[in-house]
Undergrad: 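Dropping a structure here in structure tokens format, bear with me for questions.
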Amino acid sequence: MSSDENPFNKFLKRRRSRIFKNREALLHTYTPERLPHRDDQINELASILSVALDGSPPKNIMVYGITGSGKTVTVRYVLKKLEEMAAEIGAHVQSIYINCEVVDTSYRVLQTIANNFIKQWEERIPPTGLPTDEVYSKLQNILDEYGGVVVVALDEIDRLVKKSGDNILYMLTRINEYLNRAKLSIIGIANDLKFVDLLDVRVRSSLMHETIVFPPYNAKQLEDILKDRANIAFYEDVLEPAVIPFCAAASAKEHGDARRALDLLRTAGEIAERNNEPKVREGHVKLAIKRLEMDTVVEAIRTLPTHGKAVMYAMYRKSLRELKLGKRANDIEFTTGELYQEYSDVCDFLGIPPVTQRRFTDFVSYLDEIGLLNARIISRGRYGRTKIIKLASDLGYIEEALRNDPEFSAFFAKRQSQLYLTNYFED
DNA sequence: TGTCCACTGGAAGGGAGGGCTT
DNA sequence: AAGCCCTCCCTTCCAGTGGACA
């Protein structure tokens, strides 16, 4: 390459995709103009929310269904349409969407709602510092100043309740009693309804005035969704005919998760694009399945705190030893005590003090929750009660994640990979 | 049948860090 | 600057637990 040739040239040529017309249509954040197989839910939501257009507060709504059943996208779609209609007829309606996985304390929820109405940066409510009660009364003033109907959608509301209790829901469900001009309604979105057991009876009855269920999609329905989005996302004739049915079938097997189906299709397209191929084939989807599996594990580990990573590394190291002794990957499991010992050794190695066993069990529970580990409690009689902990993801993926971590890469620096990225758990 | 093991997991609280009001 | 509040991460304490074993 001559020195005057710009090294970005070849990327520039490739930059204009021959595969994607509009990649965004396959992202979770995209709200499409059509939502196949969700007419019933859209109509139900719209009929409950329609009173907002007359200035009355809609009843609170609980929306539930498993991951990828279209809850979020449907609620966002209906809220968008509600605001459009309100603007058209001059009604005072504002909707606010809050993801409680990010905004997960009472204070932050109140702050987020309030800041939605504050345009001046200096006047916005700070992320911490004020008493929660004060933010609550500020919010009342702000809402009354606005004077219309406010619909707040709390996505992953179950997480909020598990983490911070139901105090915030109590505050929000009662706020209308203190408002003179404005009215506030809540839409709670949850994966399952187990969390309502944690709610105060009054909160429960108020929050669940209306419930709307989102059943999982079947393969045929997923296909319709993918076709719709593919029309927006891909150039014509880029997808081979088998691609969409294959994506739909693979995701239908995993509880009909539309989000995953869209991820698969997008990733398959990206793989084809990166390989400079003119068409997306079934083979790309198969690669995409592997890729997504690995990305999920790598991303989950990457975002863990140091001690969480240390637990994963302890699990990795101990499993690897067992593997070398000839044990089958599926049979490798440890008790809390065994893994805690290994974890303490890892901390010694890193030169950081280990957390207590109590805190350690919190990490194990969390890693179980996010699917990196499998943990179940067993009783071994006079040998006590403990948790049996197994890996829930491929050792190779875990190694890949830790090898690229600045704190843990030293463990791998001298050695070549002990593993190839083969799936040990494939049988 | 009672004992006892090796934990589990809830509750309370400490302290560092960030930010507010007065 | 002082006093207060919130969040996050962690420790300490401790009652509770299921089932093998004597």
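Chain A is the first sequence line, chain B the second, and so forth, proteins listed ahead of strands; every chain is numbered from 1. The structure displayed is predicted, hence computed values, not measured ones.
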Undergrad: With no hydrogens and no angle check, do the side chains of A/N191 and A/K71 hold a donor and an acceptor under 3.5 Å apart?
TA: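 A donor-acceptor contact under 3.5 Å links the two side chains.
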Undergrad: Using a 4.0 Å heavy-atom cut-off, does A/T356 contact any base of the nucleic acid, only the sugar-phosphate backbone, or nothing at all?
TA: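 A/T356: base contact, heavy atoms under 4.0 Å.
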Undergrad: I'd like to know if A/R382 reaches the base of B/dG2 with its side chain such that a donor and an acceptor end up less than 3.5 angstrom apart.
TA: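 Per atom types, no contact qualifies.
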Undergrad: How close or far is atom P of B/dC20 from atom CZ of A/R124, stated in whole angstroms?
TA: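 Going from A/R124 (CZ) to B/dC20 (P), I get 13 Å.
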Undergrad: Answer yes or no: does a side-chain N or O of A/T132 lie under 4.0 Å from OP1 or OP2 of C/dC6?
TA: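 True: A/T132 side-chain N/O within range (under 4.0 Å) of C/dC6 OP1/OP2.
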Undergrad: A/Y366 OH to C/dC10 P: how many Å, rounded?
TA: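 My rounded result for the distance is 13 Å.
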Undergrad: Any donor-acceptor pair, under 3.5 Å, between the side chain of A/R380 and the base of C/dG18, if you only look at N and O atoms?
TA: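 Answer no: no donor N or O sits under 3.5 Å from an acceptor.
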Undergrad: Does A/T105 put a side-chain nitrogen or oxygen below 4.0 Å from OP1 or OP2 of C/dT7?
TA: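 Yes, such a contact exists.
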Undergrad: Report yes if a side-chain nitrogen or oxygen of A/R385 is closer than 4.0 Å to either non-bridging phosphate oxygen (OP1 or OP2) of C/dG18; otherwise report no.
TA: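 It does not, given that no N or O in the side chain of A/R385 lies less than 4.0 Å from OP1 or OP2 of C/dG18.
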Undergrad: Taking the six-membered ring for Trp, are A/Y136 and A/Y178 parallel (under 30°), tilted (30 to 60°) or perpendicular (over 60°)?
TA: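 Geometry flag for A/Y178 against A/Y136: perpendicular rings.
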Undergrad: Send over the distance from A/E134 CD to B/dT22 C1', rounded to a whole Å.
TA: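 Nearest whole value for this atom pair: 12 Å.
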Undergrad: Report the distance from atom CG of A/N167 to atom P of C/dT7, rounded to the nearest whole Å.
TA: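 Taking CG of A/N167 and P of C/dT7, I get 11 Å after rounding.
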Undergrad: Could you check which of B/dG9, B/dT21, B/dC7 has an atom nearest any side-chain atom of A/T335?
TA: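 That would be B/dC7.
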Undergrad: Are A/K387 and B/dG9 close enough that a side-chain N or O sits under 4.0 Å from OP1 or OP2?
TA: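 For B/dG9, OP1 or OP2 has a side-chain N or O of A/K387 closer than 4.0 Å.
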Undergrad: Please report, rounded to the nearest Å, how far the P atom of C/dT17 is from the CD1 atom of A/I378.
TA: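 Between P of C/dT17 and CD1 of A/I378: 18 Å.
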Undergrad: Just compare B/dC20, B/dC7, C/dT7 and give me whichever is closest to any side-chain atom of A/P126.
TA: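 From the listed options, B/dC20 comes nearest.
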Undergrad: How close or far is atom C1' of B/dC7 from atom CZ of A/R359, stated in whole angstroms?
TA: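 A/R359 atom CZ is separated from B/dC7 atom C1' by 18 Å.
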Undergrad: If we ignore hydrogens and angles and just use 3.5 Å, is the side chain of A/R108 paired with the main-chain N or O of A/V103 as donor and acceptor?
TA: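 Such a contact is absent between A/R108 side chain and A/V103 backbone.
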Undergrad: For a quick check of understanding: with a heavy-atom distance under 4.0 Å over all strands, which category does A/Q357 fall into, base, sugar-phosphate or nothing?
TA: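 A/Q357: backbone/sugar contact only, no base atoms under 4.0 Å.
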Undergrad: Just how far, in rounded Å, is C1' of C/dC10 from CD1 of A/I352?
TA: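 Rounded to whole Å, this separation is 13 Å.
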Undergrad: Could you go through the ring pair (Phe, Tyr, Trp, His ring centres under 6.0 Å) check for A/F234 and A/F20 one step at a time?
TA: CA-CA 5 Å; A/F234 293 100; A/F20 289 109; 5.0 Å; yes
Undergrad: Between C/dG19, B/dA6, B/dC20, spot the one nearest the side chain of A/T386, thanks.
TA: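 Among the listed nucleotides, the one closest to the side chain of A/T386 is B/dA6.
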Undergrad: Output the single nucleotide from B/dT8, C/dA20, B/dA11 whose closest atom is nearest the side chain of A/R358.
TA: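 My answer, after comparing the listed nucleotides, is B/dA11.
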Undergrad: Check the angle between the aromatic planes of A/F412 and A/Y313 and answer parallel, tilted or perpendicular using the 30° and 60° thresholds.
TA: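 If you compare the ring of A/F412 with that of A/Y313, the planes turn out perpendicular.
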Undergrad: Assess whether side chain to side chain donor-acceptor pair (under 3.5 Å) is satisfied between A/T72 and A/D155, documenting all intermediate values.
TA: CA-CA 7 Å; A/T72 304; A/D155 203 351; 2.8 Å; yes
Undergrad: Please report the distance, rounded to the nearest Å, between CG in A/L130 and C1' in B/dT22.
TA: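 That distance rounds to 13 Å.
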Undergrad: I want to verify a distance call: between C/dC10, B/dG9, C/dC6, whose nearest atom is closest to the A/F363 side chain?
TA: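 Shortest atom-to-atom distance from the side chain points to C/dC10.
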Undergrad: If you check every side-chain atom of A/R108, which of C/dC8, C/dA20, B/dG9 has the closest atom?
TA: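 When the side chain of A/R108 is considered, C/dC8 is the closest of C/dC8, C/dA20, B/dG9.
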Undergrad: Look at A/T336 and B/dC7 and indicate whether a side-chain polar atom (N or O) is within less than 4.0 Å of OP1 or OP2.
TA: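 Looking at the OP1 and OP2 atoms of B/dC7, neither is under 4.0 Å from any side-chain N or O of A/T336.
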